[in-house]
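The figures that follow rest on heavy atoms only: side chains count, while hydrogens, waters and symmetry mates do not.
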Amino acid sequence: MIFGIDDMKRLYVDLEKCNSCKDCKVCCEYFYHPQNNGITSLREYATFATLCRHCEDAPCVKACYHDALERASDGHLKRYKMRCTSCKSCTLACPFGVIFQEFIPYLDSKCDYCLGKQGKIPLCVSKCPEHAIEVKEVQEDIAQNIYFVGDYLAVRTIKWSKDDVQPKKNK
């Protein structure tokens with residue numbers, strides 16, 4: 001295994017760099033859908049875990065008439081890709097603009113972290129022009145905005161929290 005819990009190496013995605021590209025140029029070796037880009041599903045997963053406001057009434061979930069979005073047991077949004085028709089109603093319903101339209105493609109693959117490719121650097125790491133994706137030993141560090149999302153992914157982004165101090169409005 002290249003990375004994982006055993007050796008503390010994880011796929012590390014810097015969302016600040018990753019979201020700067022207009023069109024993603026990253027290549028992916030995902031076996032089942034080679035025409036797709038696994039980084040899209042990673043960005044969706046990371047964004048739902050770190051940037052989503054986790055609204056109590058979740059307008060995005062209510063807007064999805066195919067029941068493709070739901071709140072997972074950990075509180076994060078989960079999209080059922082086999083139910084999703086890419087109608088984009090969730091992107092329009094999100095009051096914070098966190099669900100990006102490019103995250104909700106009709107034909108989508110899921111990143112498998114190249115776990116079966118022992119000793120080989122994933123193609124997404126070597127082909128990312130912004131060097132936003134790496135495989136490295138990393139520790140979760142809130143001061144550096146590095147968060148673990150699941151077992152194999154570390155994300156660098158400014159995470160939204162309900163505890164964040166909101167600026168006071170001038171009256």
Practice task
State whether a side-chain donor-acceptor pair under 3.5 Å links Glu70 with Tyr80.
Solution key: yes

Atom pair [atom1]/[atom2] of [X] and [Y] - distance to nearest 0.5 Å:
| X | Y | atom1 | atom2 | answer |
| --- | --- | --- | --- | --- |
| Tyr45 | Lys78 | OH | NZ | 10.0 Å |
| Asp151 | Tyr113 | CG | OH | 8.5 Å |
| Glu134 | Leu11 | CD | CG | 9.5 Å |
| Asp14 | His131 | CG | NE2 | 12.5 Å |
| Leu123 | Cys128 | CG | SG | 11.0 Å |
| Tyr65 | Cys87 | OH | SG | 4.5 Å |

Minimum heavy-atom distance between [X] and [Y], given as atom pair plus value:
| X | Y | result |
| --- | --- | --- |
| Ala132 | Cys18 | CB-N, 3.6 Å |
| Glu16 | Ile158 | OE2-N, 3.6 Å |
| Cys114 | Pro122 | SG-CB, 3.8 Å |

Exercise for the section: Salt-bridge test for Glu44 and Arg79: reply yes if a basic N is under 4.0 Å from a carboxylate O, no otherwise. Expected result: yes

Handout entry: Members sharing Leu92's hydrophobic cluster (side chains within less than 4.5 Å)
Key = none

Practice task
Just do the side-chain contact (heavy atoms from CB on, under 4.5 Å) check on Val155 and Ile146 with the steps written out, would you?
Solution key: CA-CA 6 Å; Val155 177; Ile146 299 172; over 6 Å; no

Handout entry: Among Cys90, Cys94, Cys60, Cys55, the one residue meeting side-chain contact (heavy atoms from CB on, under 4.5 Å) with Leu77
Key = Cys60

Exercise for the section: Tell me, with the steps shown, if Thr91 and Phe100 meet side-chain contact (heavy atoms from CB on, under 4.5 Å). Expected result: CA-CA 6 Å; Thr91 63; Phe100 305 115; over 6 Å; no

Practice task
Inspect the surroundings of NZ in Lys88 and state if more than 12 heavy atoms from other residues, nucleotides or ligands are less than 6.0 Å away.
Solution key: yes

Practice task
Just jot down the ring pair (Phe, Tyr, Trp, His ring centres under 6.0 Å) partners of His76, sequence neighbours excluded, or say none.
Solution key: His54

Practice task
Go through the steps to decide whether Leu153 and Phe148 satisfy the test side-chain contact (heavy atoms from CB on, under 4.5 Å), and finish with yes or no.
Solution key: CA-CA 6 Å; Leu153 182 62; Phe148 287 172; over 6 Å; no

Handout entry: Lys NZ or Arg CZ of Arg10 over Tyr152 ring: under 6.0 Å, within 45°
Key = no

Exercise for the section: Report yes if some heavy atom in the side chain of Arg156 is under 4.5 Å from a heavy atom in the side chain of Leu15; otherwise report no. Expected result: no

Problem - Linked, directly or transitively: Leu51 and Tyr147 (ILVMFWY side chains, under 4.5 Å) - result: no

Practice task
Test side-chain contact (heavy atoms from CB on, under 4.5 Å) on Phe96 and Cys52 and set out the steps.
Solution key: CA-CA 8 Å; Phe96 300 102; Cys52 175; over 6 Å; no

